[in-house]
Visitor: 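The following block contains the structure, expressed as structure tokens.
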Amino acid sequence: MRYEVVIIGGGAAGLSAALMLTRARRSVLVVDGAEPRNKPAAHMHNYLSRDGQSPLDLLKHGRAEVEGYGGEIVNDTVHGVTKIDDGFVVELSGRTVHAQRLLFATGLVDEVPEILRSRWGRDVFSCPYCHGYEVRDQKLVVFGEEMKVALVRQWSGDVTHVPSVDGIEVEDDRLVAVISGADRVPADALVYSAQVKPRDEFLLALGAETAETPMGAFVRTDDKGRTSVPGVYAAGNVTDPAAIVIVAAAQGAQAAGMINMDLILAGT
């Protein structure tokens with residue numbers, strides 16, 4: 001199977017790019033592993049006209065829109081990506097596809113300790129812009145850099161910074177305390193600065209250059225999503241760890257516009 005564009009990752013960035021490209025009448029395949037970063041969260045915020053919507057509902061509607069314009073979406077795993085003379089070969093489970101251009105929208109993984117995983121995206125979270133309003137004026141505990149304490153105080157005057165998180169207490173399916181060393185700190189929510197890991201192994205294998213950020217090394221792109229590898233683009237959290245959902249969607253659209261122009265200049 002041959003496509004003008006294969007998009008790896010079907011979150012906000014990937015689907016936004018697919019929508020723009022399918023409306024430009026490009027042949028598009030979206031390969032998605034169905035494990036979005038914000039899957040544990042019941043709601044997403046700061047997305048104009050969609051504030052409070054389930055992130056999974058956003059993806060469901062986005063998929064329907066892309067397929068309505070002729071885009072193909074498959075739930076599958078990418079096993080390898082190879083550069084060839086006239087594009088790229090993408091190895092899926094049981095078949096390979098050919099792409100003239102690639103867009104990686106594979107996101108990142110929050111490296112959350114096992115003791116916090118069941119609460120992640122609920123009353124334990126990393127982004128106060130995403131979840132802070134819902135816990136306003138409550139008892140908040142912050143683990144991470146001191147600057148985040150000042151930020152979190154915009155939502156509550158009752159903020160405690162802790163040097164470690166060694167356990168939590170939960171009653172009636174809600175957080176009630178954080179254990180830090182020998183201290184038990186009452187808490188309604190925990191703002192936890194988790195380490196993050198971009199899903200960039202195939203980008204790196206293709207030779208994409210990285211740049212250091214405060215959150216580690218991420219694949220470097222220009223403002224239109226172009227990586228250092230000709231024909232390879234990236235958008236969303238795989239390249240920008242600070243991108244919230246609406247920003248990731250915008251980055252996907254920007255990359256799609258540049259991919260379309262790239263194909264035009266190549267005579268396609």
Side-chain angles (χ1 to χ4, degrees), residues 5-24 26 28-69 71-78 101-110 120-121 125-131 133-134 194 196-200 202-203 213 215 218-219 221-227 232-260:
V5 186
V6 170
I7 298 172
I8 303 174
L15 291 177
S16 179
L19 180 62
M20 194 162 185
L21 287 164
T22 53
R23 284 179 51 81
R26 295 294 184 183
V28 176
L29 172 68
V30 179
V31 183
D32 185 40
E35 286 296 329
R37 180 189 182 190
N38 57 4
K39 184 177 180 179
H43 308 98
M44 65 175 191
H45 295 283
N46 300 307
Y47 200 119
L48 189 63
S49 82
R50 296 293 182 269
D51 188 76
Q53 185 179 40
S54 161
L56 298 183
D57 280 349
L58 178 76
L59 300 185
K60 180 182 72 174
H61 294 307
R63 280 179 164 230
E65 289 172 353
V66 169
E67 290 173 333
Y69 288 106
E72 184 180 346
I73 302 173
V74 295
N75 291 333
D76 208 335
T77 301
V78 175
R101 298 293 184 272
L102 291 178
L103 171 62
F104 285 86
T106 41
L108 57 77
V109 175
D110 294 293
W120 189 247
F125 56 85
S126 65
C127 176
Y129 290 108
C130 302
H131 300 282
Y133 189 82
E134 282 62 49
V196 296
K197 185 181 185 304
R199 294 184 173 116
D200 59 2
F202 295 120
L203 276 163
T213 78
M215 302 181 76
F218 279 73
V219 168
T221 66
D222 66 10
D223 61 354
K224 301 299 182 185
R226 288 178 290 205
T227 73
V232 178
Y233 294 73
N237 286 150
V238 69
T239 183
D240 181 359
I244 61 174
V245 179
I246 196 169
V247 174
Q251 290 176 352
Q254 284 188 314
M258 185 52 63
I259 290 170
N260 189 59

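Residue numbers count from 1 along this sequence.
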Visitor: With sequence neighbours left out, write down each residue that passes side-chain contact (heavy atoms from CB on, under 4.5 Å) with Arg226, or none if nothing qualifies.
Guide: Asp222, Tyr233, Met258
Visitor: Distance from Asn237 atom CG to Asp110 atom CG, nearest 0.5 Å?
Guide: 8.5 Å
Visitor: Measure the CD1-OG1 distance between Ile7 and Thr106 for me, rounded to the nearest 0.5 Å.
Guide: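 Answer for the CD1-OG1 pair, Ile7 versus Thr106, is 12.0 Å.
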Visitor: Please name the residue in the list Thr221, Thr227, Val219 that meets the side-chain contact (heavy atoms from CB on, under 4.5 Å) test with Val232.
Guide: Thr227
Visitor: Out of the candidates Val78, Leu103, Val238, only one should pair with Ile8 under the side-chain contact (heavy atoms from CB on, under 4.5 Å) rule; please name it.
Guide: Val78
Visitor: For a quick test of reading the model, state the closest non-hydrogen atom pair linking Ala105 to Ala13 and the distance between them.
Guide: CB-CB, 4.0 Å
Visitor: Less than 4.0 Å between a side-chain N and a carboxylate O, is that true for Glu67 and Arg63?
Guide: no
Visitor: Would you give the length of the straight line joining atom CG of Leu203 to atom OG1 of Thr239, rounded to the nearest 0.5 angstrom?
Guide: 8.5 Å
Visitor: Strictly by side-chain hydrogen bond (donor to acceptor under 3.5 Å, both in side chains), give each pair with a member in residues 243-259 just once, sequence neighbours left out.
Guide: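 Sorted pair list: Asp240-Gln251.
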Visitor: I want to check something: taking the side chain as every heavy atom from C-beta on, are Leu21 and Asn260 in contact at a cut-off of under 4.5 Å?
Guide: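 When only atoms from C-beta onward are counted, Asn260 and Leu21 do touch, with a gap below 4.5 Å.
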Visitor: What's the spacing between Ile246 CD1 and Leu48 CG if we round to 0.5 Å?
Guide: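 That separation rounds to 5.5 Å.
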Visitor: According to side-chain hydrogen bond (donor to acceptor under 3.5 Å, both in side chains), does anything in residues 10-23 pair up with another residue at least two apart or in another chain? List the pairs.
Guide: Arg23-Tyr69
Visitor: In chain order, what residues pass the side-chain contact (heavy atoms from CB on, under 4.5 Å) check against Leu58, with sequence neighbours excluded?
Guide: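 Partners of Leu58 by the side-chain contact (heavy atoms from CB on, under 4.5 Å) criterion, ordered by chain and then number, come out as Met44, Tyr47, Gln53, Val245.
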Visitor: Taking the side chain as everything from C-beta on, heavy atoms only, tell me whether Leu56 gets closer than 4.5 Å to Pro36.
Guide: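 Heavy-atom side-chain distance check passes, below 4.5 Å.
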Visitor: How far does NZ of Lys197 sit from CG of Leu108, to the nearest 0.5 angstrom?
Guide: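 Going from NZ on Lys197 over to CG on Leu108, the span is 10.0 Å.
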Visitor: Would you give the length of the straight line joining atom CZ of Arg26 to atom CZ of Arg101, rounded to the nearest 0.5 angstrom?
Guide: 9.0 Å
Visitor: Are Pro241 and Phe218 close enough that some pair of their side-chain heavy atoms sits under 4.5 Å apart?
Guide: yes
Visitor: Taking side-chain contact (heavy atoms from CB on, under 4.5 Å) as the test, write out the residues that go with Val74, two or more places apart.
Guide: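 For Val74 the side-chain contact (heavy atoms from CB on, under 4.5 Å) partners, ignoring immediate neighbours, are Leu29, Val31, Glu72, Asp76, Arg95.
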Visitor: How close do Gly225 and Ala255 get, counting heavy atoms only, and between which atoms?
Guide: CA-CB, 4.5 Å
Visitor: Using side-chain heavy atoms (C-beta onward) and a distance below 4.5 Å, is Ile73 in contact with Leu15?
Guide: yes
Visitor: Quick one: side-chain contact (heavy atoms from CB on, under 4.5 Å) partners of Asp51, sequence neighbours excluded?
Guide: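 Result, side-chain contact (heavy atoms from CB on, under 4.5 Å) vs Asp51: His45.
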Visitor: So, for Ala256 and Met20, which heavy atoms are closest and what is the spacing to 0.1 Å?
Guide: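 Answer, listing the atom of Ala256 first, then Met20: CB-CB, 3.8 Å.
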Visitor: Testing the basics here: between Gly10 and Asp32, what is the closest heavy-atom pair and its distance to 0.1 Å?
Guide: N-OD1, 3.0 Å
